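Single-structure report; data block below.
One is the number of the first residue; the rest follow in order along the sequence. In listed order, ligands and their atoms are each counted from 1. Remember, it's a predicted structure, so these values are computed and weren't measured experimentally.
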Amino acid sequence: MTKQPYAEPWRIKMVEPVKILTREERLAKIQEAEYNLFNLAAEDVYIDLLTDSGTGAMSDRQWSAMMLGDESYAGSRSFLRMKKTITELLGFPHVVPTHQGRAAENVLFSATIKAGDIVPGNAHFDTTKGHIEFRQAIPVDCTVDEAADPNLELPFKGNIDTRKLEACIAKYGVDKIPMVIHTVTCNTGGGQPVSMENIKAVSAVCHKHSIPLIFDSARFAENAYFIKTREAGYEDKSIKEIVKEMFSYADGMTMSAKKDAIINIGGFIALKSLETYRKCATFNIMFEGYLTYGGMSGRDMDALAAGLMESTEYDYLHARISQVKYLGDKITELGIPIVKPAGGHAVYVDAKAFFPQIPQIQYPAQVLGVALYVEAGVRGVEIGTVLADRDPVTREERPPKMELLRLAIPRRVYTNNHMDVVVWGLQQIWAKRESYKGLKIKYEAPIMRHFTSTFEQL
Ligand SMILES: *Cc1c(COP(=O)(O)O)cnc(C)c1O
């Protein structure tokens with residue numbers, strides 16, 4: 001008897017038709033967009049794997065929760081329900097609502113980070129790095145060395161190397177380090193998870209030096225799934241038990257609810273310290289809104305609470321992460337190099353290995369993203385030299401160790417048939433990979449240039 005195949009623990013109640021352009025039409029569209037995939041109209045994209053952020057499909061429970069939204073300015077029932085869910089599920093007594101994840105970073109960092117500070121962590125997400133550097137502080141990447149090798153098949157490549165962390169603390173001193181940020185899962189590092197053992201070890205180092213440990217928690221539930229399925233001792237624990245334990249080692253968290261809360265917009269900060277909460281409160285009122293809505297409507301907060309309960313169910317996570325693995329396995333079968341193992345939310349194609357003839361400062365991952373759109377109408381995103389920005393001091397290009405095209409899968413949106421189209425598109429490019437040339441930047445913004453840069457073909 002073979003094992004029963006898995007299928008999604010949901011069925012489809014509403015659909016959204018998508019348009020399919022011809023290859024010629026797509027070629028014209030990407031030229032008009034000056035080779036930046038962010039400039040495309042979404043309706044000209046067939047399968048949109050630009051991001052899994054805010055692009056998920058809400059459940060009927062979430063939609064019905066929206067009807068209960070309380071839009072009171074202060075003390076709404078929606079906020080109290082969201083806060084109760086966060087406190088019960090994640091264990092933090094203080095909750096600051098914000099309109100999305102980067103807003104949570106802006107508020108928390110305004111209260112805690114000053115010029116000259118050092119913020120160690122695993123690989124910081126781009127908005128996190130942006131908000132740190134904007135304050136003339138320096139993010140330090142202490143990820144384990146193994147993470148830089150895309151071929152190494154290890155279970156927890158998002159881990160922080162505690163020796164690097166200790167060395168960083170010794171070098172700069174505790175007074176310069178307002179927090180350590182552990183990103184779970186590590187988006188920049190390939191959607192790679194962090195083990196509970198590493199969380200405990202990092203927490204011990206931080207607390208030995210009285211440095212707060214903050215989780216950048218966008219995909220905390222996916223991280224918990226990997227702990228359950230890959231780390232000894234957790235196989236019989238529920239996702240909710242694992243999540244509770246993970247956060248018990250942290251002092252606070254920032255959250256982009258557009259990811260693992262499966263809503264279209266929203267975020268929050270959650271904290272153990274009342275003092276830090278009070279400092280954040282002032283900035284939240286200035287930047288986001290009053291303390292019981294912070295840029296969200298009441299109905300968003302209700303959908304957020306319902307989404308957190310759903311994303312921490314094993315069956316949901318199993319279906320989601322199995323789909324990512326399906327895509328990763330199919331691409332690997334073609335001999336196309338990806339970051340191994342496949343991440344929780346995305347497959348990262350290794351563009352340096354795909355196009356060895358294109359130097360990194362000619363943006364091979366951007367070239368691959370453009371090619372995949374032209375061939376199959378699929379939109380991915382560059383996680384490479386363009387995203388890395390120039391060094392804020394020297395203004396030199398700083399090509400990262402890995403040059404990747406990220407194919408991020410929205411939650412509960414596409415079927416595996418869509419994944420087969422993505423694989424087919426990559427196969428077309430792979431067959432003529434030697435014919436591709438690099439790109440040159442025409443325009444770039446001084447910070448977070450990837451969103452607005454324009455390019456020309458070399
Ligand atoms: C998306 C994301 C953010 C920023 O959140 P937004 O909601 O997009 O502002 C921060 N950190 C990580 C790890 C993320 O994935």
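- Between K164 and D145 there is a salt bridge, with a side-chain nitrogen of the basic residue lying less than 4.0 Å from a carboxylate oxygen of the acidic one.
- The stretch residues 259-272 participates, sequence neighbours left out, in these side-chain hydrogen bond (donor to acceptor under 3.5 Å, both in side chains) pairs: S256-K259, D260-R411.
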*In sequence, state the C-alpha distance, the side-chain angles, and the governing distance for F156 and F226, and then conclude on ring pair (Phe, Tyr, Trp, His ring centres under 6.0 Å).*
CA-CA 8 Å; F156 293 106; F226 285 119; 7.7 Å; no

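- Under 4.0 Å from any atom of ligand 1, one finds heavy atoms of residues Q100, G101, R102, E105, F125, T127, T183, N187, D216, A218, R219, S256, K258, K259.
- The aromatic rings of Y225 and H318 are tilted relative to each other, their planes meeting at an angle between 30° and 60°.
- Ring orientation note: the planes of Y290 and Y293 are tilted relative to one another, at an angle of 30° to 60°.
- Residues P337 and F354 share a closest heavy-atom pair of CG-N, 4.0 Å.
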